[in-house]
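Everything quoted here is computed from the prediction, not taken from an experiment.
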Amino acid sequence: MLLIGLDCAVNHKNIGLAIARRTAPAQLHLQYVQQGLDLLYLQAVLAEALQAQERILLAIDAPLGWPRQLSVSLQSHQAGQAVQLHHNETGDTKANLLFRRYTDRYARSLGYGQPLDVGADKIARASISALDILAELQQALGRSIPLAWQSESLPPISAIEVYPAATLRCAGLPSRGYKRPEQRALREDILKGLSANIDIPSDLAEVALANKATDALDALVCLLCGLDFIQGRCPAPDWASLNKAMIVQEGWMWIRDNRQ
């Protein structure tokens, strides 16, 4: 099985890309990591893996959907009017319900911090970029790349949304401050922690540690997120109690829950 980690950004030069092959149930071997997306190279890697009948999972650090409340409530909105919620929800402010998805609020409930609001923050632009990349890959490969909703019986190629900051916290690794150029020691701590599950050749380790390449390191964390998912360590939505149409529209972040 091939895992692809994508730390997305608006500019392809700032996208981190990592490619690894699963060699054991809880182990990956890193084959490629770089800051800057070479889309043609990625397309070639995916095409070769599909031809070899390998399963492929893309673990993407960017929201892949928007809050349903926002999309529905703005359809009939006129300038100057108050924005009305489509349906009543309790326990949060109107702005949070409009700008945050259910999965964002769920992530916070696990104690992993508040993800950026896709409905209000600059992360929305990275989301557009991620979705455009998925569309380009699907067109180039001539096949769909569906979102995975369970770790068993995965299709030949699929994608999930991940939250690397939460994964770092789950693993007891630094999740803040490591992006500053002078904090190489923190990046080394992260890389050492990742090496428990990812075999990282020394030359690729240096790419991930480079002062201006923290997106490459984040792409490695995306790989660990993907490994957590395929090991069944990330809780799925509680379909029995949730609005399935809402979750499918908004998307779901797959995050390890250490409380289990």
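More than 12 non-hydrogen atoms from other residues, nucleotides or ligands lie less than 6.0 angstrom from CD of Q81. A 6.0 Å sphere centred on CD of E48 holds no more than 12 heavy atoms belonging to other residues, nucleotides or ligands.
Taking R256 as the reference, D228 meet the side-chain hydrogen bond (donor to acceptor under 3.5 Å, both in side chains) condition, with sequence neighbours excluded.
Using a 4.0 Å cut-off between charged side-chain N and carboxylate O, E188 and R184 make a salt bridge.
No side-chain heavy atom of Q231 sits less than 4.5 Å from a side-chain heavy atom of S151. Inter-residue side-chain proximity for L137 and L39 is flagged as met; some heavy-atom pair is nearer than 4.5 Å. Residues M253 and R101 meet the side-chain proximity criterion, which asks for heavy atoms closer than 4.5 Å. With a 4.5 Å cut-off on side-chain heavy atoms, L2 and V45 count as touching. Residues L217 and D7 are not in side-chain contact: their nearest non-hydrogen atoms beyond the backbone lie 4.5 Å or more apart. Between I160 and L147 there is no side-chain heavy-atom pair separated by less than 4.5 Å.
Between Y32 and Y41, the two ring planes are tilted [angle within 30° to 60°]. Note on ring orientation: taking the six-membered ring where Trp is involved, the planes of Y102 and Y106 are parallel (angle under 30°, cut-offs 30° and 60°).
In the model, D104 has no side-chain atom that pairs as donor or acceptor with a side-chain atom of Y163 under 3.5 Å.
If you run side-chain contact (heavy atoms from CB on, under 4.5 Å) between I56 and each of I4, L141, I145, only I4 comes through. Checking each of L223, L224, D218 against L220 for a side-chain contact (heavy atoms from CB on, under 4.5 Å) leaves exactly one that passes, namely L223.
Residues I157 and P146 come closest through the heavy atom pair O-CD, 3.3 Å. Summarising the geometry of A26 relative to L227, their closest heavy-atom pair is O-CD2, 3.6 Å, with the distance given to 0.1 Å.
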